[in-house]
Amino acid sequence: MSKTTLTDLQHKAKFWRDDISFSQEVLGKPFDFRTTWGIFSPEKLDDGSLMLLDHIDFKADDDSIDLGCGYGVLGMTAARACPNGEHLLIDKDFVAVEYAKLNCQNNGLTNTQIMLSNGFAHVPKDRRFSLVMSNLPAKASKEQHYLYLLDAYDRMEVGGRFYVVTINGLRDFMKRSFTEVFGNADKLKQGKTYTITMATKV
């Protein structure tokens with residue numbers, strides 16, 4: 001059995017430091033992505049986000065927020081599907097924010113804004129959204145999930161929709177917490193691994 005040496009690893013690291021580039025279709029149209037190691041799902045779009053996008057009812061004039069945007073696929077898709085709206089992509093990871101900016105720019109999306117924010121903490125108080133989207137991280141605490149929901153409720157227009165994808169282990173929590181905050185919860189799809197849940201501000 002061959003042994004990996006320090007020199008081998010140093011040589012590989014030169015390539016690991018390069019950006020990862022790939023193209024992938026989203027809702028039937030291609031996007032070009034640049035990512036890096038250390039960001040969630042850097043080599044291809046994750047199945048949860050793709051499943052979520054298949055179940056969002058986009059409206060041409062939606063103003064959206066991609067909560068925890070990573071390198072940007074949810075917000076980018078909203079920007080393309082809702083050309084009359086403005087679309088905010090936020091993440092607490094500065095590396096993710098830089099790549100989301102790059103991906104929006106490289107794909108010619110001019111109706112987007114990308115910013116560093118821990119949840120809604122740095123989002124302007126007067127900004128309102130008709131569409132909220134999130135691939136909620138399983139490792140976040142329930143307290144953090146509640147803060148996302150409560151802050152989103154305060155910033156959403158009446159009739160606005162909040163779509164989330166979670167691992168199946170969180171589906172009961174999402175149904176309960178959405179109902180507590182919004183007064184409603186609708187399970188749109190449950191697959192082997194992920195569940196899509198939506199709430200509406202009434």
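All values below were derived from every heavy atom in this structure, side-chain atoms included, with hydrogens, water molecules and symmetry-related copies excluded. By convention here, the first residue in the shown sequence is residue 1.
Of the possible donor and acceptor atoms, one in the side chain of S130 sits under 3.5 Å from a partner among the backbone N and O of D63. For N168 (side chain) and K192 (main-chain N/O), a donor-acceptor pair under 3.5 Å exists by modelled atom type. Proximity of a side-chain donor or acceptor of S134 to a complementary backbone N or O of L67 within less than 3.5 Å is detected. Listed for the Y153 side chain is no donor-acceptor partner under 3.5 Å among the backbone atoms of Y148. Of the possible donor and acceptor atoms, one in the side chain of D91 sits under 3.5 Å from a partner among the backbone N and O of C69. Judged purely by atom type and a 3.5 angstrom limit, R155 uses its side chain to pair as donor or acceptor with the backbone of P124.
Screening residues 105-115 for salt bridge (Lys or Arg N to Asp or Glu O under 4.0 Å), with sequence neighbours left out, gives no hits.
At least one side-chain heavy atom of Y99 sits less than 4.5 Å from a side-chain heavy atom of I39. A 4.5 Å side-chain heavy-atom check between T200 and F182 finds every atom pair outside the cut-off. In this structure the side chain of M76 reaches within 4.5 angstrom of the side chain of N107, judged on heavy atoms. Two residues are said to be in side-chain contact when any heavy atoms from C-beta on lie closer than 4.5 Å; W37 and I20 meet this criterion. The shortest side-chain heavy-atom distance between S64 and F58 does not fall under the 4.5 Å cut-off. Side-chain contact between V123 and I65 is present, with heavy atoms from C-beta onward closer than 4.5 Å. Looking at K187 and I196, their side chains never come closer than 4.5 Å, going by heavy atoms from C-beta outward. Taking the side chain as every heavy atom from C-beta outward, I56 and M133 approach each other to under 4.5 Å.
A side-chain N or O of S23 and one of D32 form a donor-acceptor pair less than 3.5 Å apart. Of the N and O atoms on the side chains of N135 and D46, at least one donor lies less than 3.5 Å from an acceptor on the other residue. In summary, the side chains of T36 and D19 do not present any donor paired with an acceptor at a separation below 3.5 Å, with no hydrogens or angles considered.
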Check the pair D66, L88 against side-chain contact (heavy atoms from CB on, under 4.5 Å), reporting the backbone distance first and the verdict last.
CA-CA 6 Å; D66 179 353; L88 180 62; over 6 Å; no

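For F33, the ring-ring contact (aromatic ring centres under 6.0 Å, His included) partners are F22, F31, Y71, not counting sequence neighbours. For the side chain to side chain contact (heavy atoms under 4.5 Å, CB included) test, no residue two or more places apart in sequence or in another chain qualifies with Q105.
For the pair K189 and D54, the salt-bridge criterion is not met [side-chain N within less than 4.0 Å of a carboxylate O].
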